[in-house]
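What follows is one structure encoded as structure tokens, with my remarks underneath.
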Amino acid sequence: MHHSISSVTQNANTMSAVWSDGERTVLPYLWLRDNCGCSECRVVQTTEKRFHLYSVPGDLGPRRVSIEHPGSADEAIAIDWPDGHHTHYPTTELRGLLTLPTVDLRYWDGNFQPARFDYRQFLASDSAAAELIEEFLRTGVCVLVDAPTEPDSSEQLAARLGPIREVLFERIHNVKVDPKGYNIAHTTLAVAPHNDFTSYSWPPNVQALHMLVNECEGGESTVVDGFGLLRELRTDHPDKFDVLCRVPVPFRIFSHEYECYAVNPMVELDSNGELRMLRFNTAQMQAVPLSEPRLTAFYAAYHELSRRVNDPGAQATFRLEGGHILLCAGHRVLHGRTAMLSSGHRHLQDAYFEHDNVRTHLRLLRRAGRM
Ligand SMILES: [Fe+2]
Ligand SMILES: [Zn+2]
């Protein structure tokens, strides 16, 4: 549908535009001046902004506003500022600046199975890559199949997922049964759903769990939609949800060589109050200090969350074979595995990436029309 502006009204610090469908948009004068796209306000070579907001008065208002070519495809708002500067906004550009793109998250439970994608296709085909990333952004999880089984071959994923996010311990983390291992994953015990490196204030938020070989009985993989559970918890027990957002919890992972420790609430919200991050790692959680005034309420809430995370109905279970890579959105999806029942060889490697890089790779693919 072609949108045009039927009228503009000037107010003290803003003007209101009424669109042809009756919708109204408030345009603050400072916003209009700040986003001017002219060659004086931009670095021509890079299109980056060159204009600095301090260089105009805080109570800036236009000298004159007009609608050029009204109703046509070239329609634009033209603004003359008191210092003689001229700003020109094509209507189509203003429409594009109304909202930010959003992703519709799809929540899931234990009946879900992550979508599977061919590893070579993911690397070779832009449209296959875009398809995987779209699914990953929606559900927070997918599985690559027919991947190489050579150690450290997950380095190749960097072409699509961005550079590896290095953490303490190894750049690419080895998970196999090791009597000297520093982590529960190095034992044959079941590993309950958790996310990794809750002991960082910014844990890595994409995790590739790359199975190189799996000749072991048991050791099935499980994933849990942490955001799905938290959404339900927020509806069922808003007070419990709230206390999980507020009480700082220490997490720690350590070996002889390394120490990684940070104190943060289990649930973090963004500035819109939407879920940003879940930190859930029973093995690495440390004692919340007894001086915490909300300790009793926190424990009631943590108990409820622990019950929901460990409910088999929330856990999607499947087996990763050699050459399978499980991709998890680390701030949303918890991963774990069942106990190993035999001593068969099993070698998993973890590599971490950043969600921003994955998301923007999709933008790049779309912008370049490569899909
Ligand atoms: Fe883990
Ligand atoms: Zn300008």
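All residue numbers refer to positions in the sequence shown, counting from 1. Numbering of ligands and ligand atoms starts at 1, following listing order. Given the structure is predicted, the values throughout are model-derived calculations rather than measurements.
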Those residues that, when tested against Thr46, pass side-chain hydrogen bond (donor to acceptor under 3.5 Å, both in side chains) (two or more places apart):
Glu48
Establish, from distance only, whether the side-chain atoms of His3 and Glu23 form a donor-acceptor pair under 3.5 Å.
no
Taking the six-membered ring where the residue is Trp, are the ring centres of Tyr299 and Tyr302 under 6.0 Å apart?
yes
Identify whether NZ of Lys or CZ of Arg in Arg106 sits under 6.0 Å from the centre of the six-membered ring of Phe112 and within 45° of that ring's axis.
no
Do you know which N/O/S atom name in His335 is closest to the Fe ion (ligand 1)?
NE2
Got an N, O or S from Asp196 under 2.8 Å of the Fe ion (ligand 1)?
yes
Would you call Arg366 and Asp126 a salt bridge, using N to O less than 4.0 angstrom?
no
Taking the Zn ion (ligand 2) as the centre, count the protein N/O/S atoms lying under 2.8 Å from it.
4
Mind listing the closest non-hydrogen atom pair of Glu259 and Tyr261 along with its distance?
OE2-CB, 4.0 Å
Could you tell me whether the side chains of Gln121 and Asp118 share a donor-acceptor contact shorter than 3.5 Å?
no
